[in-house]
Amino acid sequence: MYRDDKTLVKAMLGGRETAFDEFFETYFPRLYRFALARTRRDEDAAEEIAQSTLCLAITKLHTYRGEAALFTWLCTFCRHEISTYLRKNRIAADSVDLIEERPGVRAALESIGADLHTPDEMFERAELARLARVVLDQLAPRYARALEWKYLDGLPVNTIARRLDVSPKAAESVLTRARAAFRDLFGTMASESAGSRLSERTT
């Protein structure tokens with residue numbers, strides 16, 4: 001119903017019940033999956049974190065300016081809640097190593113669908129998004145589809161397994177190999193792109 005993030009937030013600030021319904025229905029599952037991957041797949045913890053994130057975000061809605069996608073903004077709160085959970089349960093944060101948390105990859109993924117304003121922001125994010133798409137296009141189709149389903153569509157591993165017609169364990173293996181291939185190729189292309197821009201600026 002609400003076609004963009006700022007419209008949805010404005011409707012929520014105006015007290016529209018339908019906006020709150022859409023907010024929870026849209027973002028609870030995504031935050032749950034986001035937290036699940038970062039809490040060693042503790043379903044109870046992921047559910048609690050997703051709920052607390054949404055509740056916290058509602059109290060801060062007036063600070064949302066649309067400078068990033070709403071989900072990206074929510075993930076800032078979610079990471080704080082996850083850090084609290086890890087600290088309380090004495091789990092080392094660096095024990096949960098996810099490719100999408102690497103700065104370059106995270107920026108590329110977050111740039112897709114982001115609401116940007118300044119020309120520099122638009123260029124940098126667009127370039128990262130372009131590189132991410134190019135990398136996906138260069139990967140084996142099986143790897144590219146698995147990564148898109150996991151990180152762009154937010155599908156659970158069981159669903160990805162059914163789509164690949166393999167077991168969940170085999171799907172995890174495909175994702176592991178796909179993440180490694182993406183990381184290596186994206187890192188190479190991002191470095192070359194940065195070097196090219198630096199060369200252009202100094203010539």
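Because the structure is a prediction, the values reported are computed rather than measured.
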**Message:** side-chain hydrogen bond (donor to acceptor under 3.5 Å, both in side chains) for E81 and T53? Distances and angles first, verdict last.
**Reply:** CA-CA 7 Å; E81 297 298 302; T53 297; 5.4 Å; no
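- The backbone N or O of H80 lies less than 3.5 Å from a partner atom in the side chain of T84, making a donor-acceptor pair.
- Taking the six-membered ring where the residue is Trp, F34 and F71 present perpendicular rings, their angle passing 60° and hence far from 30°.
- Taking the centre of each ring, F24 and F20 stay at or above the 6.0 Å mark.
- Inter-residue side-chain proximity for L8 and R16 is flagged as unmet; no heavy-atom pair is nearer than 4.5 Å.
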**Prompt:** Can E48 and Y85 be said to form a side chain to side chain contact (heavy atoms under 4.5 Å, CB included), step by step?
**Reply:** CA-CA 10 Å; E48 182 178 340; Y85 162 80; over 6 Å; no
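- W149 CH2 to R162 CZ: the interatomic distance, rounded to the nearest 0.5 Å, is 11.5 Å.
- Of all heavy-atom pairs spanning I82 and A35, the tightest one is CD1-CA, 3.9 Å.
- The distance from the NZ atom of K60 to the OG1 atom of T76 is 12.5 Å, given to the nearest 0.5 Å.
- For the pair F23/L70, a side-chain contact is recorded, criterion being any heavy-atom separation below 4.5 Å from C-beta on.
- Looking at heavy atoms from C-beta onward, T176 lies in side-chain contact with R179 at the 4.5 angstrom threshold.
- Between the side chain of T159 and the main chain of L155, no donor-acceptor pair closer than 3.5 Å is present.
- The side-chain heavy atoms of L31 and I49, taken from C-beta on, include no pair separated by under 4.5 Å.
- The line from CZ of F186 to CG of D184 is 12.5 Å long, rounded to the nearest 0.5 Å.
- The distance from atom CG of L54 to atom OG1 of T59, rounded to the nearest 0.5 Å, is 11.0 Å.
- When the ring-ring contact (aromatic ring centres under 6.0 Å, His included) test is applied to Y32, no partner is found at least two apart in sequence or on another chain.
- By the 6.0 Å and 45° rule, R177 does not stack over the aromatic ring of Y143.
- Minimum heavy-atom separation, K6 to R65: CD-O, 3.9 Å.
- Note that OG1 of T7 is 10.0 Å distant from CD of E22, once rounded to the nearest 0.5 Å.
- By the 4.5 Å heavy-atom criterion applied to side chains, K150 and V157 are counted as neighbours.
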**Request:** Check step by step if side chain to side chain contact (heavy atoms under 4.5 Å, CB included) holds for R142 and V166.
**Result:** CA-CA 12 Å; R142 187 180 182 85; V166 298; 3.2 Å; yes
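- For the pair W73 and L61, the minimum side-chain heavy-atom distance is below 4.5 Å.
- For the atom pair CZ of R38 and SG of C75, the computed distance is 7.0 Å after rounding to the nearest 0.5 Å.
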